[in-house]
Colleague: 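Please find one structure pasted underneath; my questions will follow.
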Amino acid sequence: LPSSFRRALAVVASGAAAGLLVAWAAGAVGGGSGGDPASTAFGDLMQASVIEEEDHNVCPAGFMPHRCLEGGHDDEDCCAKAGQGSCSDTDKVAEGKVCASNGAVTTCCPAPPPQCPAGTEKIGCMENGEPDVDCCAQTGTSNCWDVASGSKESATLGRQCHPNGAVTTCCPAPVHAPAGDKTLFCFFVAMHQGGEADLARSSYKAKKSVFACEGWTVVSDGPMDPVPVLNIGELKSQWGYWHSWVNTGVFIRAWDAVINEGKWVHHGWSVKVDPDTVWFPQRLPWHLNALHLSSEDGAYVRNTGKYFLGPIEVLSHAAVKDMFSRRKEVCNFKLNGTPEDVWMGWCLDALDVKRHDDKDLLGNAFHRNPGAGMCGNGWVVAFHPFKDVDSWNACWETSNKEFLRYQKQQH
């Protein structure tokens with residue numbers, strides 16, 4: 001019952017009102033309430049009491065209605081001090097004490113904030129231009145909805161909040177490209193033991209490969225000291241008839257993990273490479289400039305001029321954002337029995353991310369017996385595959401010497 005109605009009942013049940021209540025009850029039991037004076041008097045008293053309570057319940061100057069509780073229930077005269085989370089009942093402020101979630105606190109106190117329920121998560125949703133704890137996203141989407149509404153039908157279905165916060169409904173916070181349009185977030189997936197771990201440790205110590213990017217993550221299946229890793233569990237895949245791995249499932253988990261980790265948000269481009277890819281992050285912005293690409297463009301780069309191959313995958317900030325928000329609804333196909341790079345290309349095309357071709361992004365992608373002599377190019381960004389530390393470093397040195405020689409000629 002509303003608190004004013006409960007208090008009116010208390011008034012009626014006390015003092016002189018008790019006689020009216022008895023008389024009204026007798027009339028009601030007898031079945032005649034039409035013009036009964038006792039019934040009319042009771043109704044008048046109830047109305048007067050409610051009006052008195054409602055007048056009394058107006059929050060005073062400097063206070064405003066808020067999510068305040070008393071005795072575990074809403075209470076009209078339990079108000080919040082403007083701009084604060086403290087609640088006050090007849091000027092007795094609860095000093096910011098939050099009500100117990102089970103409603104056990106009987107004094108006027110702020111209600112515990114609602115939590116995102118099962119099937120939703122907090123991923124930067126906003127209400128009235130500010131983060132709001134009960135403005136949650138449906139898991140795997142960017143559709144935000146207000147838990148307080150009690151209905152997912154209030155979801156904004158992908159609508160972005162206006163950058164100036166003018167949208168007052170629960171909506172996804174606008175994600176802007178970072179100021180460093182050509183800064184890179186880079187990652188690779190490596191097993192924590194064996195040749196991939198050796199390559200990761202060597203690159204980490206030398207600050208090469210992903211460790212030369214402005215932001216980086218190593219995804220693995222276990223600890224790889226001294227390299228910090230993001231552990232996603234099992235990485236094993238089956239071998240496909242095309243002489244490569246059936247690994248779409250593994251890399252979907254890897255992409256989900258690095259996207260949820262959030263480092264990519266602060267950089268203009270996201271780059272996934274293989275541990276056995278020899279590459280030079282500082283060269284990639286030159287290629288992006290040559291293609292006239294901005295991180296705000298929904299774009300990915302096919303790395304041989306014809307194919308999108310796994311040794312190096314380059315996606316713009318806008319492309320990653322689109323993949324995060326719509327992948328599960330758009331790309332839920334051929335998740336089994338495919339190599340990750342083929343599936344990724346299909347998914348990006350299905351999302352209408354624009355493809356761009358750069359035949360000099362990746363060199364020697366198909367060579368079964370690569371050697372350092374194949375790395376004598378100072379413009380190509382990446383070379384693949386180099387499975388051991390010595391051959392990897394030899395390729396890196398060869399390409400770097402060629403770059404330095406070219407640079408010297410230009411001066």
Side-chain angles (χ1 to χ4, degrees), residues 180-188 199-200 202-204 206-216 267-297 299-317 319-320 341 344-345 348 353-411:
D181 184 68
K182 296 300 188 295
T183 63
L184 306 179
F185 165 74
C186 312
F187 77 96
F188 58 59
L199 289 169
S202 176
S203 297
Y204 176 73
K207 292 184 171 55
K208 297 176 181 176
S209 185
V210 300
F211 308 107
C213 298
E214 289 85 358
W216 56 266
H267 303 284
W269 294 80
S270 292
V271 185
K272 172 262 167 187
V273 296
D274 289 341
D276 59 351
T277 300
V278 178
W279 74 295
F280 298 82
Q282 67 271 28
R283 298 180 190 176
L284 182 55
W286 308 338
H287 288 245
L288 299 175
N289 286 333
L291 292 170
H292 305 290
L293 292 178
S294 164
S295 63
E296 295 187 7
D297 299 326
Y300 76 98
V301 184
R302 296 200 302 185
N303 47 31
T304 62
K306 185 177 180 181
Y307 301 105
F308 184 67
L309 300 179
I312 180 168
E313 301 174 0
V314 180
L315 284 72
S316 70
H317 187 276
V320 177
D341 48 3
M344 179 68 80
L348 292 170
V353 176
K354 189 174 181 180
R355 67 172 72 151
H356 299 265
D357 295 332
D358 183 352
K359 63 182 181 60
D360 291 326
L361 184 59
L362 175 63
N364 312 310
F366 298 107
H367 208 289
R368 296 297 173 188
N369 299 293
M374 300 175 183
C375 305
N377 188 309
W379 168 253
V380 171
V381 175
F383 305 90
H384 179 269
F386 293 86
K387 300 290 187 181
D388 62 83
V389 172
D390 289 342
S391 65
W392 197 101
N393 285 330
C395 176
W396 192 94
E397 292 292 344
T398 299
S399 182
N400 192 53
K401 285 179 181 178
E402 183 63 23
F403 166 71
L404 294 175
R405 185 185 67 82
Y406 173 77
Q407 191 177 46
K408 186 176 181 180
Q409 287 178 349
Q410 299 306 304
H411 291 82

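All values below were derived from every heavy atom in this structure, side-chain atoms included, with hydrogens, water molecules and symmetry-related copies excluded.
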Colleague: Is there a side-chain contact between W279 and V210 (heavy atoms, below 4.5 Å)?
Modeller: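 Result yes, sub-4.5 Å side-chain heavy-atom pair found.
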
Colleague: Between N289 and W286 (side chain of the first, backbone of the second, donor and acceptor by atom type, cut-off under 3.5 Å), is there such a pair?
Modeller: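 A pair under 3.5 Å: no.
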
Colleague: Do any N or O atoms from the side chain of S399 and from the backbone of C395 form a donor-acceptor pair under 3.5 angstrom?
Modeller: no

Colleague: Just wondering, do F185 and H317 contact through their side chains at under 4.5 Å, heavy atoms?
Modeller: no

Colleague: What's the shortest heavy-atom distance between S391 and D388, and which atoms?
Modeller: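 For S391 and D388, the tightest heavy-atom pair comes out as N-OD1, 2.9 Å.
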
Colleague: Quick check for you: to the nearest 0.5 Å, what is the distance between Y307 atom OH and K359 atom NZ?
Modeller: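 Reported value, rounded in 0.5 Å steps: 16.0 Å.
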
Colleague: Got a second to check how far L362's CG is from H384's NE2, nearest 0.5 Å?
Modeller: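 The CG atom of L362 sits 8.0 Å away from the NE2 atom of H384.
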
Colleague: Working to the nearest 0.5 angstrom, can you tell me the gap between K272 NZ and D341 CG?
Modeller: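 Atom-to-atom, K272:NZ and D341:CG are 7.0 Å apart.
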
Colleague: Between D274 (side chain) and T277 (backbone), is there a donor-acceptor pair under 3.5 Å?
Modeller: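 Side chain of D274 to backbone of T277, a donor-acceptor pair under 3.5 Å: no, none is there.
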
Colleague: I'd like to check L284 versus W269 (side-chain heavy atoms, cut-off strictly below 4.5 Å). Are they in contact?
Modeller: no

Colleague: Calculate, to the nearest 0.5 Å, the distance between atoms CG and CH2 belonging to L361 and W379 respectively.
Modeller: 10.0 Å

Colleague: Please name the pair of heavy atoms, one in V314 and one in F308, separated by the smallest distance, quoted to 0.1 Å.
Modeller: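 Nearest pair, atom of V314 first, then F308: N-CE1, 4.2 Å.
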
Colleague: Does some side-chain heavy atom of L348 sit less than 4.5 Å from a side-chain heavy atom of R355?
Modeller: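 No, every pair of side-chain atoms sits at 4.5 Å or beyond.
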
Colleague: Would you find a donor on one side and an acceptor on the other, under 3.5 Å apart, between the side chain of S316 and the backbone of E296?
Modeller: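 Absent.
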
Colleague: What is the distance from atom OG of S270 to atom CZ of F187, rounded to the nearest 0.5 Å?
Modeller: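 S270 atom OG to F187 atom CZ measures 7.5 Å (nearest 0.5 Å).
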
Colleague: Can you find a pair of side-chain heavy atoms, one from M374 and one from F383, that are under 4.5 Å apart?
Modeller: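 The answer is no, as the side chains (C-beta and beyond) never meet within the 4.5 Å cut-off.
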
Colleague: Does some side-chain heavy atom of E313 sit less than 4.5 Å from a side-chain heavy atom of Y300?
Modeller: no

Colleague: To check you understand the geometry: which heavy-atom pair defines the closest contact between E214 and L184, and what is its length?
Modeller: OE1-N, 2.8 Å

Colleague: Quick check for you: to the nearest 0.5 Å, what is the distance between K182 atom NZ and S294 atom OG?
Modeller: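 Nearest 0.5 Å value for the NZ-OG distance: 6.0 Å.
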
Colleague: Does W392 have any side chain to side chain donor-acceptor pair (under 3.5 Å) partners at least two apart in sequence or in another chain, and if so, which?
Modeller: none

Colleague: Shortest non-hydrogen contact from A319 to L315?
Modeller: CB-CB, 4.2 Å

Colleague: Please confirm whether the backbone N or O of L309 pairs with a side-chain atom of N303, one donor and one acceptor, at under 3.5 Å?
Modeller: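 It does hold such a pair.
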
Colleague: Are any of the side-chain heavy atoms of V389 and L199 separated by less than 4.5 Å?
Modeller: yes

Colleague: Write down the atom of N377, the atom of V380, and the distance for their closest heavy-atom approach.
Modeller: OD1-N, 3.0 Å

Colleague: Mind checking whether F211 and F188 have parallel, tilted or perpendicular rings, split at 30° and 60°?
Modeller: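 Perpendicular.
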
Colleague: Is the backbone of W216 close enough, under 3.5 Å, to the side chain of H267 for a donor and an acceptor to pair up by distance?
Modeller: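 Between the backbone of W216 and the side chain of H267 there is no qualifying donor-acceptor contact (under 3.5 Å).
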
Colleague: Residues two or more places apart in sequence or in another chain: which of them pass side chain to side chain donor-acceptor pair (under 3.5 Å) with K387?
Modeller: D276

Colleague: Check D358, D357, D360 against R302 for a salt bridge (charged side-chain N to carboxylate O under 4.0 Å, His left out) and give me the one that passes.
Modeller: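 Testing R302 for a salt bridge (charged side-chain N to carboxylate O under 4.0 Å, His left out) against D358, D357, D360 leaves exactly one candidate, D357.
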
Colleague: Is a side-chain N or O of S203 found less than 3.5 angstrom from the main chain of K208, in a donor-acceptor match?
Modeller: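 No; judged by distance alone, with no hydrogens or angles, the pair does not exist.
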
Colleague: With sequence neighbours excluded, what pairs up with N400 under the side chain to side chain donor-acceptor pair (under 3.5 Å) test?
Modeller: none

Colleague: Identify the two heavy atoms, one from P281 and one from A212, that lie closest to each other, and give their separation to 0.1 Å.
Modeller: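 Smallest heavy-atom distance, with atoms named: CG-CB, 3.9 Å.
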
